[in-house]
Each structure stands twice: as structure tokens, then as C-alpha cells.
Amino acid sequence: MTAREAAPLARERNVIAAALAILSAAAWAILIWQADAADMFSMAPTMGMTAVLFILIWIVMMVAMMFPTAAPMILLFGRVQAERRSRGEAYVATSVFVGAYLLVWSAAGIAAFIAAIAAERLAGALGMTAEAAARIGGGLLIAAGLYQLTPLKLSCLSHCRSPLSFVMHSWRPGTAGALRMGLEHGLYCLGCCWLLFVILFPLGMMN
């Protein structure tokens, strides 16, 4: 590939990297602002939020936390698609892959809100004390630590850490293929981190 041919690819890579950095930084700024204002919410798992607000905060948190870790995969996907476009072949916008990736985390947020509502109602029905809640939180911390040593965690982590291997073995053409790849990569990331996000509930979402 000549320098003239490589220049547009480099520009596109820089645009995608800059967009990820800006979105992540903006998300962190929102989270910091929200954490400062968190005392207005209750310390219940849902923090007294409505479903819509909870999911919005959840998505912002995922952008802040997961975009930097997913950046190598997103950039590699964008590069492959840019090369296809430069050869006059059919290509898919990187936003399709990223959108599918976020869809996985959005679904996880919906599941988290439902679980939080169920936990609040169960705690109210059982008259759970602060001491009992602390014991449950401690159990979740132990479970999250033990999960880091399981074969499932290691398998998911190997996929997340090897973007090139993922592209080589999981590449799918077209828009439907990009959606499937984004969903698959999102599920691997979720498989790595889901228990780490579960412990946010006893610790406090804005802790």
C-alpha cells in the first residue's frame, strides 16, 4: 500500500479514535457530575431513579468504561471496512458495529434495573437490615473475585484481548454481519465484566 493510499485510512482511524475519546470523556464528565449530585437519590439499588433515567445513566457508564477497552476492536473493524471501501467493495459503517455493541449493554442495563426493583421489593418484604445487606454485598464481592478465575471468564477475556483473532474467526459480511459481530463482541465483554457491575449495587452505583 502506498503512502497516498494509506493516508485516507489513517485519517479515518484518527476520526474514529477521536470520536471514541470524546464520547468517553464526555461520559466520564457526566458521571462525575452525577456522582456529586447522587446524594439526592436514595441508597436503594435503583437510587430512586425511574427506569428511563436509570437506563440512560447505565448507558453513559458503559460508554465511559467500555469504549476505551473496546477501542482496539472498534478501530480494527473500522480499518477493515475502510480498506474494503478503498477497493470499491461493499462496506459497513463502524457505527453499526458500535450500535450493536451498545445494544448488548443496554439490554444488560434493563436486566439490572429489573433485578434492582426485585431486590428492593424483596428487601422490603423481608425487612432486611443494613447488616444483612452488608453480608450480601460481601458475598457478591467474594463471588466476583472467584469468577475472575473461572474458565468462562478466561475464555471471554481471550476474545476481548485479541481483536485480530476475533476478526479472523468471527467476521461476517454486510450490515447483518456487522450487527452480529457487534452483538457477539458485546456478549464477550459482558461475560468478562457482568459480576463486576453486579457489585455496584451493594457498593452504590455512583460510588
Side-chain angles (χ1 to χ4, degrees), residues 12-13 15-28 30-31 34 45 49 51-82 84 90-116 140 143-144 147-201 205:
E12 183 151 347
R13 176 185 174 86
V15 168
I16 295 173
L20 292 174
I22 291 170
L23 289 172
S24 182
W28 274 113
I30 293 172
L31 288 178
Q34 190 67 34
M49 294 183 182
V52 173
L53 181 57
F54 183 96
I55 299 303
L56 287 175
I57 293 296
W58 179 275
I59 293 173
V60 169
M61 185 166 58
M62 293 308 103
V63 170
M65 292 181 171
M66 303 311 298
F67 268 19
T69 58
M73 180 66 242
I74 296 171
L75 289 171
L76 181 58
F77 180 89
R79 178 176 178 82
V80 173
Q81 295 294 350
R84 292 177 61 86
Y91 71 97
V92 180
T94 306
S95 58
V96 175
F97 177 88
V98 175
Y101 179 83
L102 280 179
L103 185 61
V104 172
W105 286 107
S106 299
I110 294 171
F113 183 79
I114 294 172
L140 287 173
Y147 179 69
Q148 309 310 308
L149 307 176
T150 62
L152 177 59
K153 166 60 185 267
L154 296 177
S155 175
C156 292
L157 192 61
S158 67
H159 285 85
C160 287
R161 283 181 171 175
S162 305
L164 182 59
S165 176
F166 179 82
V167 167
M168 291 177 64
H169 294 94
S170 301
W171 183 265
R172 300 290 186 278
T175 301
L179 287 170
R180 179 175 172 177
M181 290 176 65
L183 292 173
E184 187 175 344
H185 189 65
L187 287 172
Y188 281 127
C189 288
L190 181 62
C192 285
C193 305
W194 71 277
L195 259 176
L196 298 178
F197 288 109
V198 168
I199 65 175
L200 290 176
F201 290 99
M205 289 285 285

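Just so we're clear, the structure is a prediction, and the values are computed from it rather than from any experiment.
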Practice task
Would you check if Trp105 and Leu190 make a side-chain contact, meaning some heavy-atom pair closer than 4.5 Å?
Solution key: yes
Handout entry: Which atom of Glu12 lies closest to which atom of Gly78, heavy atoms considered
Key = OE2-O, 4.4 Å
Practice task
State, yes or no, whether a side-chain contact exists between Leu20 and Ile16 at a heavy-atom distance under 4.5 Å.
Solution key: yes
Handout entry: Inter-residue atom distance Ile59.CD1 - Ile30.CD1, 0.5 Å rounding
Key = 11.5 Å
Exercise for the section: Using a 4.5 Å cut-off on heavy atoms from C-beta on, say whether the side chain of Tyr101 contacts that of Ile74. Expected result: no
Practice task
Mark yes when over 12 heavy atoms from residues, nucleotides or ligands other than Arg84 sit less than 6.0 Å from its CZ; otherwise mark no.
Solution key: yes
Practice task
Work out which heavy atom in Met181 is nearest to a heavy atom in Arg172; give both atom names and the distance.
Solution key: SD-N, 3.4 Å
Practice task
Ignoring hydrogens and angles, tell me if any N or O in the side chain of Ser106 forms a donor-acceptor pair with the backbone of Leu102 under 3.5 Å.
Solution key: yes
Problem - Over all atoms of both residues, closest heavy-atom pair of Val63 and Ala27 - result: CG1-CB, 3.9 Å
Practice task
Please tell me if the side chains of Phe197 and Met62 come closer than 4.5 Å, counting only heavy atoms from C-beta onward.
Solution key: yes
Handout entry: Side-chain touch Phe77/Val167, heavy atoms, less than 4.5 angstrom
Key = no
Practice task
First locate atom CZ of Arg79, then atom OG1 of Thr94, and finally report the distance between them rounded to the nearest 0.5 Å.
Solution key: 12.5 Å
Problem - Short side-chain to backbone donor-acceptor contact, Ser24 and Ala21, under 3.5 Å - result: no
Handout entry: Minimum-distance pair of heavy atoms, taken over all atoms of Val92 and Thr175
Key = CG2-N, 3.6 Å
Handout entry: Flag side-chain contact, heavy atom, 4.5 Å: Phe113 against Trp58
Key = no
Handout entry: Interatomic spacing from CE in Met61 to CZ in Phe54 - rounded to 0.5 Å
Key = 7.0 Å
Problem - Side chain to side chain, Tyr147 and Leu196, heavy atoms closer than 4.5 Å - result: no
Fill in the blank from the handout: Here the gap from Phe166 atom CZ to Cys160 atom SG, rounded to the nearest 0.5 Å, amounts to 8.5 Å
Problem - Heavy-atom side-chain contact between Trp28 and Leu31 under 4.5 Å - result: yes
Exercise for the section: Say whether, by atom type as modelled, one donor and one acceptor occur between the side chain of Gln81 and the main chain of Ala93 under 3.5 angstrom. Expected result: no
Handout entry: Spacing of SG belonging to Cys189 relative to CG belonging to Leu157, to within rounding of 0.5 Å
Key = 9.5 Å
Handout entry: Under 3.5 Å: donor-acceptor pair, side chain of Ser162, backbone of Ser158
Key = yes
Completion exercise
Looking only at heavy atoms, the pair that brings Cys193 and Met66 closest together is SG-CE, 4.1 Å
Exercise for the section: Calculate, to the nearest 0.5 Å, the distance between atoms CG and NE2 belonging to Leu164 and His169 respectively. Expected result: 9.5 Å
Exercise for the section: Grab the two heavy atoms, one from Glu184 and one from Ser170, that are nearest each other, plus how far apart they are. Expected result: OE2-OG, 3.3 Å
